[in-house]
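Sequence positions, counted from 1, serve as the residue numbers for this chain. Quantities reported herein were computed from a predicted structural model and do not represent experimental measurements.
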Amino acid sequence: MDFSFKYYKPKPLISFVVFFAILMIFVSNHLPPWIPIPATVASITVLLWIYDKYLWKKMPWLLLKIPDISGRYKGELVSSWPVVEKPVKINIFIEVSQTGSGLHIRQFNKNPQTDQLTQSSSNIENVSVLPDGNLKLSFGYVNDGEATQAHLTKHDGFCILDIQKHDKKIKGIYFTNRHPQPTRGEITAIFENEQTIGRF
């Protein structure tokens, strides 16, 4: 995840930068005139980096527009597979890695027909806060498929998920461009724990 101010609150962020710049002016009165500006820029950059990587989790409300949704979720995917006549239920785990700048999502599936495991990894993500305080998580992803299974080829997909703020329950839809026939379905999951393990 690259550093970004996408999920930062503009007014608190600007206030923080202005306050710290003024503070540095007072602190650096006795320094050579060429030092204060680079020292101020470097100090603000370091402080924002520390907040973005570590402190945001303890106090996301301070500068961020979105809460902490990182962790591991356990759930079920109901898929419209073209190789069967009725929807298929698939056990899944969703892992959200998050910093102040953004997040990255991985999804781990177990094929109920072959017991093979597949992994999806997000390549574009967005979180928005709804009027009722709950969240809307949307992300595109790539799934490498199964090398030995012709019906589960590499494909792209997109998820649109609602997340309940108070208990982190997930519910939503997904669709893919899987060949030879696209698939779609529903996803439900519940928060399991804060730790991510990177596998099914």
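The shortest distance between side-chain heavy atoms of Pro182 and His155 does not fall below 4.5 Å. Taking the side chain as every heavy atom from C-beta outward, Leu47 and Phe20 approach each other to under 4.5 Å. A 4.5 Å side-chain heavy-atom check between Pro67 and Leu135 finds at least one atom pair inside the cut-off. Considering only heavy atoms from C-beta on, Arg72 stays 4.5 Å or farther from Arg106 through its side chain.
Remark: Ile197 CD1 is packed, more than 12 non-hydrogen atoms of other residues, nucleotides or ligands lying under 6.0 Å away. Within a 6.0 Å radius of NZ in Lys74, other residues, nucleotides and ligands contribute 12 heavy atoms or fewer. Annotation: Ile190, atom CD1; neighbour count of heavy atoms from other residues, nucleotides and ligands within 6.0 Å does not exceed 12. Residue Lys169 places its NZ atom among 12 or fewer non-hydrogen atoms of other residues, nucleotides or ligands, all under 6.0 Å distant.
The two residues Trp56 and Gln98 come nearest to each other via the heavy atoms CZ2-O, 3.2 Å. The heavy-atom pair separating Gln119 from Phe108 by the smallest distance is OE1-CE2, 3.3 Å. Of all non-hydrogen atoms in Asn143 and Ser120, the two that sit nearest each other are ND2-OG, 2.9 Å. Looking at every heavy atom in both residues, Tyr8 comes nearest to Leu48 through OH-O, 4.3 Å. Shortest non-hydrogen contact noted between Lys89 and Glu76 is CD-OE2, 3.6 Å. The minimum heavy-atom distance linking Asp52 with Thr99 is given by the pair O-CB, 3.4 Å.
No side-chain donor-acceptor contact under 3.5 Å links Ser128 and Lys65. In the model, Asn126 has no side-chain atom that pairs as donor or acceptor with a side-chain atom of Ser138 under 3.5 Å. No side-chain N or O of Thr183 forms a donor-acceptor pair with one of Ser80 less than 3.5 Å apart. There is no side-chain donor-acceptor pair under 3.5 Å between Ser97 and His104. A donor-acceptor pair shorter than 3.5 Å can be found between the side chains of Gln107 and Asn109.
When hydrophobic clusters are built by joining Ile, Leu, Val, Met, Phe, Trp and Tyr residues whose side-chain heavy atoms come closer than 4.5 Å, directly or via intermediates, Tyr54 is grouped together with Met59. Residues Ile90 and Val78 do not share a hydrophobic cluster, clusters being chains of Ile/Leu/Val/Met/Phe/Trp/Tyr side chains in contact below 4.5 Å. There is no path of hydrophobic side-chain contacts, each under 4.5 Å, that joins Leu130 to Leu64. At a threshold of 4.5 Å between side-chain heavy atoms, the hydrophobic network of Ile, Leu, Val, Met, Phe, Trp and Tyr places Val96 and Val129 in one connected group.
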Please test Arg184 against Thr176 for side-chain contact (heavy atoms from CB on, under 4.5 Å), starting from the C-alpha separation and ending with a verdict. CA-CA 6 Å; Arg184 57 185 173 81; Thr176 76; over 6 Å; no
Please step through side-chain contact (heavy atoms from CB on, under 4.5 Å) for the pair Asn134 and Ile163, ending with a clear verdict. CA-CA 6 Å; Asn134 294 317; Ile163 304 179; over 6 Å; no
side-chain contact (heavy atoms from CB on, under 4.5 Å) for Ile50 and Leu55? Distances and angles first, verdict last. CA-CA 6 Å; Ile50 292 173; Leu55 296 182; 4.1 Å; yes
Hey, mind stepping through Tyr141 and Ser121 against side-chain contact (heavy atoms from CB on, under 4.5 Å) and telling me if it holds? CA-CA 5 Å; Tyr141 66 86; Ser121 182; over 6 Å; no
Side chain to side chain donor-acceptor pair (under 3.5 Å) for Tyr174 and Ser79? Distances and angles first, verdict last. CA-CA 9 Å; Tyr174 83 96; Ser79 175; 2.8 Å; yes
Ring pair (Phe, Tyr, Trp, His ring centres under 6.0 Å), that's the test. Do Phe93 and Phe200 meet it? Break it down for me. CA-CA 6 Å; Phe93 287 96; Phe200 186 83; 5.1 Å; yes
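The structure places CD1 of Ile92 at 7.0 Å from OG1 of Thr188, a figure rounded to the nearest 0.5 Å. With rounding to the nearest 0.5 Å, the separation of OG1 in Thr40 from CG in Leu23 is 9.0 Å. Interatomic distance, Lys168 NZ to Phe191 CZ, rounded to the nearest 0.5 Å: 4.0 Å. Rounding to the nearest 0.5 angstrom, the gap separating the OG1 atom in Thr118 from the CG atom in Asp144 is 9.0 Å. With rounding to the nearest 0.5 angstrom, the CG atom of Leu161 is 5.5 Å from the CG atom of Leu137. In this structure, CD on Glu95 lies 8.5 Å from CG on Asn193, to the nearest 0.5 angstrom.
Two rings, from Phe5 and Phe3, have their centers less than 6.0 Å apart.
In this structure a side-chain-to-backbone donor-acceptor pair under 3.5 Å is missing from Tyr7 to Leu63. Checked by atom type and distance alone, the side chain of Ser4 pairs as donor or acceptor with a backbone atom of Lys6 at under 3.5 Å.
Using a 4.0 Å cut-off between charged side-chain N and carboxylate O, Asp162 and Lys171 make no salt bridge.
If you chain together ILVMFWY residues whose side-chain heavy atoms come under 4.5 Å of each other, Ile160 ends up grouped with Phe158, Ile173, Phe175.
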